[in-house]
Amino acid sequence: MTEPIIRFEKVVKRFGDVTVLDGLDFTVAPGEKVTIIGPSGSGKSTILRILMTLEDISDGVVWVGDEPLWHEKAADGTLKPASEAHLHRMRTRLGMVFQSFNLFPHMTVLRNITEAPVHVLKVGKAEARERAMGLLDMVGLTEHADKFPYQLSGGQQQRVAIARALAMRPDILLFDEPTSALDPELVGEVQEVIRKLAEEHDLTMLLVTHEMRFAREISDRVCFIDAGAIREEGAPEELFTAPTEERTQDFLRAVL
Ligand code: ADP
Ligand code: MG
């Protein structure tokens, strides 16, 4: 079996007295498209935010490939807390698309996409621009390159956000409810872009969504999480049609 590209090993996350992740074990294989479903407040966003190093962990280890994310290997092989330089390097391997787009409002669409490649990866401006135009073509927005985010619809802004994440050439792309802030008529165009990405074999995708039909279409595997642990997981056709756990059944009955 191939080594996982993401591995949560007995990960605990507490906010004060509240335990949000309670010894989470979770792996994703390279190139795999995994969807996380579960009730509100179950820890789905926290998992993605930990991977983006937006939240630290209280216990356990998170691995990205053969490197620990929140730790570094010392010379004797033991793990010590990660330095800022290590975190910075690890961060470039992952990209994230948020529910609320989070584009830089004062920058054009093109600048939104070239900013991080130029300033973080030190890609030349001309090259960054060329890549950005290629990505805008992929998301169907070339004619909007010089506009500002406020001039675009929510669906267009979210497609820019996807292009921006891809511009960093991440190994892993995370999506946190990417269509739930959109008007219903704009959901399809964003799902279409994500679906196209999911058909690529190399990219590893981890998606949180409440759109069960979409999850079913694009995922290799669906994980149901409740109260900070995975309660059931499987191929979408199994989990959606014949869930074995009562909690999964209750959840699916409520959302389907
Ligand atoms: P989900 O995305 O599944 O809805 P989250 O991962 O956002 O859930 O949150 C899980 C739990 O952690 C919730 O109870 C939430 O209130 C709590 N939580 C999340 N972030 C923080 C924070 N920064 N401080 C305190 N509690 C938090
Ligand atoms: Mg969430």
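The chain is numbered in sequence order, starting from 1. Counting convention: from 1, in listed order, for ligands and their atoms alike. This one's a predicted model, so the numbers in the text were calculated from it and none came from an experiment.
- Within a 6.0 Å sphere centred on NE2 of H210, other residues, nucleotides and ligands contribute more than 12 heavy atoms.
- Counting only residues at least two apart or on different chains, the salt bridge (charged side-chain N to carboxylate O under 4.0 Å, His left out) pairs with a member in residues 204-230 are E32-R221, R195-E217, R221-E233, D226-R247.
- Taking 4.0 Å as the cut-off between side-chain N and carboxylate O, K196 and E192 do not count as a salt-bridged pair.
- No donor-acceptor contact under 3.5 angstrom links the side chains of E55 and T46, judged on distance only.
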For ligand 1, run through the N/O pairs with the protein that fall under 3.5 Å and put one pair on each line.
from, atom 1, to, atom 2, distance (Å)
ligand 1, 2 (O), S45, N, 2.9
ligand 1, 2 (O), S45, OG, 2.8
ligand 1, 3 (O), S42, N, 3.2
ligand 1, 3 (O), S42, OG, 3.4
ligand 1, 3 (O), G43, N, 3.0
ligand 1, 3 (O), K44, N, 2.9
ligand 1, 3 (O), K44, NZ, 2.8
ligand 1, 4 (O), G41, N, 2.7
ligand 1, 6 (O), S45, N, 3.4
ligand 1, 6 (O), T46, N, 2.9
ligand 1, 6 (O), T46, OG1, 2.5
ligand 1, 8 (O), G43, N, 3.3

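- At least one side-chain heavy atom of P39 sits less than 4.5 Å from a side-chain heavy atom of F251.
- Protein N/O/S atoms closer than 2.8 Å to the Mg ion (ligand 2): S45 OG.
- Between the side chains of E232 and T244, at least one donor N or O lies within less than 3.5 Å of an accepting N or O.
- Under the 6.0 Å distance and 45° angle rule, R164 counts as a cation-pi partner of F104.
- When only modelled atom types and interatomic distance are considered, T209 and E177 share no side-chain donor-acceptor pair under 3.5 Å.
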Result block: side-chain N/O donor-acceptor pairs under 3.5 angstrom for residues 7-24, not counting sequence neighbours:
from, atom 1, to, atom 2, distance (Å)
R7, NH1, E9, OE1, 2.9
E9, OE1, W63, NE1, 2.8
K13, NZ, D56, O, 3.0
K13, NZ, D56, OD1, 3.0

